[in-house]
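Order of the sequence lines sets the chain letters (A, B, ...), proteins ahead of strands, with each chain counted from 1. All figures in this text were calculated on a predicted structure; none of them were measured in a lab.
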2 protein chains.
Amino acid sequence: MALEHAILVSLLERPGSGYELARRFDRSIGRFWTATHQQIYRVLRRMEADGWVRAEEVAQDGRPDKKVYSAAQPGRDALAAWLREPVEPETVRHELAVRIRAAAFDDPAALIPEVERHREGHAALLARYLLGERRDFPDAGTPGTLDAGQRLQHVVLRGGIEYERMTIAWLDDVLATLRELAEGR
Amino acid sequence: MALEHAILVSLLERPGSGYELARRFDRSIGRFWTATHQQIYRVLRRMEADGWVRAEEVAQDGRPDKKVYSAAQPGRDALAAWLREPVEPETVRHELAVRIRAAAFDDPAALIPEVERHREGHAALLARYLLGERRDFPDAGTPGTLDAGQRLQHVVLRGGIEYERMTIAWLDDVLATLRELAEGR
DNA sequence: TATCTCATGTAATCAGTTACATGATTGC
DNA sequence: GCAATCATGTAACTGATTACATGAGATA
């Protein structure tokens, strides 16, 4: 039920059309909340009906018209109320862990290429995060250079970086275990 | 689409009824895949119809009858095929990260109690994992004492432990940031 | 007497994905 | 000429949650 809130945060950071939101959900916000454009359009219409967002039709030349959404006060209020609600524990869906345990009933070596591919994906993501950090927060060590929003964005990014580091180290552990089992050690 | 496979792994590790599976999903398996009993019963019926599992009615005295499920060969085959499929990147749902960025548009201090509660939950989980590790894998350092299934279970558990450690460290980082912002530093 | 555990289920609803559709413009 | 980008949508479906129901024995 937090897609509404993720959209609100994104619109508070910068107003935009459904299409633009969908692209943000592919990039930055998609790091911690995914959504397809169909879902975004549907939720935006509901949010507009509830008065959480305002829509403004913008005509463009050479491009289709678009509806630019921005957060309205009732939306801000709803966000503030949500911030004060208890954080329910997140439902976990860790497919790779299921696969690793499943490997005990099949050939463990069969899983190695997939885990390697997974590891590469996380390494690439870590590199992108570190690049983004150097680009967006070069002076993070100097006090007083970042506003509240930037400091909060940075601490979320640091979480992503640490998560990727931890995951890569763990996948190396997994690979070592799988290779040992494959070699009969 | 991996609930079927998670159930299969669990039934291969040990046959059991829908009710028992639901309890395992509350405990061990729930660490990386959650499911309610309603969903488990529904999926079990489908799996039985597909021949992935076999059911045996077991009468008990003093307790209701139960249907004990065990994995059948077509289920094993499906699991082996699934292991060889590409691992699609998992959809991320990180509500706390959304909240942290939302705090920029509200009072950052309002989030502190919730983050503290979150941190306590992760610390408790880490303690449980470490206890489980000492109980189930006391001789993990000595080669030749664990079979393939145990070694794979252990590497998954190590992942959980590292994830909790990383998360606790990050939540401390988040709390420090929120407290600095609340104090106007 | 009341609550907890064991055991299985139905019904309604919500969230999210996949597939398909439309139509103009820009770049190769 | 073809693919990609911009822009918004409908329809069908699957996966998952919430609420409710039943009923017996065990425990406090």
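Nearer the 5' end of DNA chain C, as judged by each residue's closest nucleotide, is the contact made by A/A35, out of A/R63 and A/A35. Between A/E20 and B/R42, the residue anchored closer to the 5' end of DNA chain D is A/E20, taking for each the nucleotide with the nearest heavy atom.
Here C/dC6 presents its C1' atom at 16 Å from NZ of B/K67, a figure rounded to the nearest Å. Atom CZ in A/R23 sits roughly 9 Å away from atom P in D/dT5 (whole-Å rounding). Between B/H37 atom NE2 and C/dT5 atom P there is a gap of 15 Å when expressed in whole angstrom units.
Minimum atom distance to the side chain of A/L3 is reached by C/dG16, of the listed C/dG16, C/dT8, D/dT8.
Between A/Y19 and D/dC6 there is a side-chain N or O to OP1 or OP2 distance below 4.0 Å. The phosphate of C/dT8 (OP1 or OP2) has a side-chain N or O of B/S17 nearer than 4.0 angstrom. Side-chain N/O atoms of A/Y41 include none lying less than 4.0 angstrom from OP1 or OP2 on D/dG9. Regarding contacts with the backbone of D/dT17, a side-chain N or O of B/Q39 is found under 4.0 angstrom from either OP1 or OP2. Between C/dT10 and B/R45, a contact under 4.0 Å exists linking OP1 or OP2 to a side-chain N or O.
B/Q38 comes within contact range of at least one nucleobase, with a heavy-atom separation under 4.0 Å.
Figure legend: cation-pi geometry between A/R158 and B/W170 absent, as NZ or CZ is not positioned both under 6.0 Å from the six-membered ring centre and within 45° of its axis.
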